[in-house]
Amino acid sequence: FGAIIVDPNVPNAQILYVAISGGSANFFLGSGLYKSIDGGATWSDVGLGTFSGLVSDLLAIQENGQTVLYAADTGNGQANSGGIYRSDAGGATWTPTNFPTTGSGYAGIRLAGSSVPTELIYASAIDSTGVANRYSWDTVGNWSSLSWPDAPGGAPTHRTHHNLFAVDPAHRGEVGPDLSGVGGKQPREY
């Protein structure tokens with residue numbers, strides 16, 4: 001499983017989303033993104049025709065009391081494929097963002113973000129050679145390359161398995177393990 005999201009706007013945890021990135025689960029073969037409207041008793045494929053079957057991460061952001069989803073699809077690691085998609089329709093429809101592709105394909109893409117004071121999404125994408133690429137995306141619709149210290153050990157030391165980071169929900173510019181400093185801190189991988 002890449003991620004599980006419980007929609008905070010629905011009582012009793014009745015709406016769930018799950019991203020599957022390879023492996024085996026009790027889901028039929030499909031897009032890699034599934035939704036339950038009955039607390040997990042049954043599931044439907046909400047990404048069929050959009051996703052490759054390997055959705056590595058899923059992020060929920062609150063916009064004006066509505067849950068907006070972002071899904072990271074590795075495109076099965078194929079060259080110049082994969083991307084990040086946005087849904088403000090509960091997964092019924094997905095819009096691709098202009099996420100950059102790479103000639104070596106993506107092994108994993110992780111997401112983090114905040115909507116305080118305005119929406120900002122971060123992506124840490126590990127390509128198939130183990131090189132890390134980091135980006136930020138704003139509501140204008142632009143992905144900007146980020147520069148931050150690399151993880152110790154050099155490529156490709158377990159990066160696809162340990163590609164994790166977080167955003168301080170109250171300070172969208174603070175990303176990484178040390179969130180105790182002043183705003184504007186450079187994002188760091190951990």
Side-chain angles (χ1 to χ4, degrees), residues 1-21 25 27-28 30-76 80-101 106 108-125 133-146 163-175 187:
F1 286 89
I4 188 165
I5 300 289
V6 177
D7 191 329
N9 297 318
V10 178
N12 302 317
Q14 290 299 294
I15 294 186
L16 307 167
Y17 300 89
V18 65
I20 296 177
S21 182
F27 293 98
F28 50 91
S31 72
L33 189 58
Y34 303 91
K35 178 180 181 178
S36 175
I37 59 171
D38 55 13
T42 61
W43 295 87
S44 61
D45 190 332
V46 292
L48 202 57
T50 300
F51 300 112
S52 70
L54 293 174
V55 178
S56 60
D57 205 2
L58 186 61
L59 175 69
I61 296 288
Q62 296 301 303
E63 289 181 2
N64 302 318
Q66 175 186 1
T67 300
V68 175
L69 301 169
Y70 288 87
D73 182 3
T74 64
N76 290 319
N80 299 310
S81 67
I84 297 174
Y85 298 78
R86 181 180 193 277
S87 176
D88 59 5
T93 59
W94 292 91
T95 304
T97 67
N98 58 348
F99 191 71
T101 60
Y106 288 117
I109 304 171
R110 302 301 291 178
L111 302 171
S114 175
S115 57
V116 177
T118 60
E119 187 174 296
L120 183 63
I121 307 298
Y122 294 96
S124 179
N133 303 282
R134 281 67 172 230
Y135 304 95
S136 66
W137 187 79
D138 56 36
T139 54
V140 176
N142 297 315
W143 285 103
S144 302
S145 205
L146 295 175
N163 182 21
L164 302 172
F165 63 110
V167 174
D168 181 336
H171 301 94
R172 71 182 187 147
E174 294 184 16
V175 181

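What you see is a predicted model; the values in this text were computed from it and never measured. All heavy atoms count here, side chains included; hydrogens, waters and symmetry mates do not.
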Closest non-hydrogen atom pair, [X] against [Y]:
X: Ala71; Y: Phe51; value: CB-CZ, 3.7 Å
X: Val55; Y: Ser31; value: CG2-O, 3.7 Å
X: Leu120; Y: Ser136; value: CD1-CB, 4.2 Å
X: Trp94; Y: Gly47; value: NE1-CA, 4.5 Å

Summary of salt bridge (Lys or Arg N to Asp or Glu O under 4.0 Å) pairs that have at least one residue in residues 47-60, sequence neighbours excluded: Asp57-Arg110

Test applied, ring-ring contact (aromatic ring centres under 6.0 Å, His included); reference residue, Tyr70; option that passes from Tyr17, Trp137, Tyr85: Trp137

Flag, side chain of Ser56 to backbone of Thr74, donor-acceptor distance under 3.5 Å: no

From CG (Asp7) to CG (Leu16), nearest 0.5 Å: 9.0 Å

Pairwise distance CD1(Ile37) to CH2(Trp43) - rounded to 0.5 angstrom: 11.5 Å

Reference residue Leu59; test side-chain contact (heavy atoms from CB on, under 4.5 Å); the match among Val68, Leu111, Ile84: Leu111

Side-chain touch Trp143/Ile121, heavy atoms, less than 4.5 angstrom: yes

Heavy-atom side-chain proximity of Ser81 to Asn76 below 4.5 angstrom: no

Test side-chain hydrogen bond (donor to acceptor under 3.5 Å, both in side chains) applied to Asp38 - qualifying residues, sequence neighbours left out: Ser36, Thr42

Partner residues of Asn9 under the side-chain hydrogen bond (donor to acceptor under 3.5 Å, both in side chains) criterion, sequence neighbours left out: Gln62, Thr67

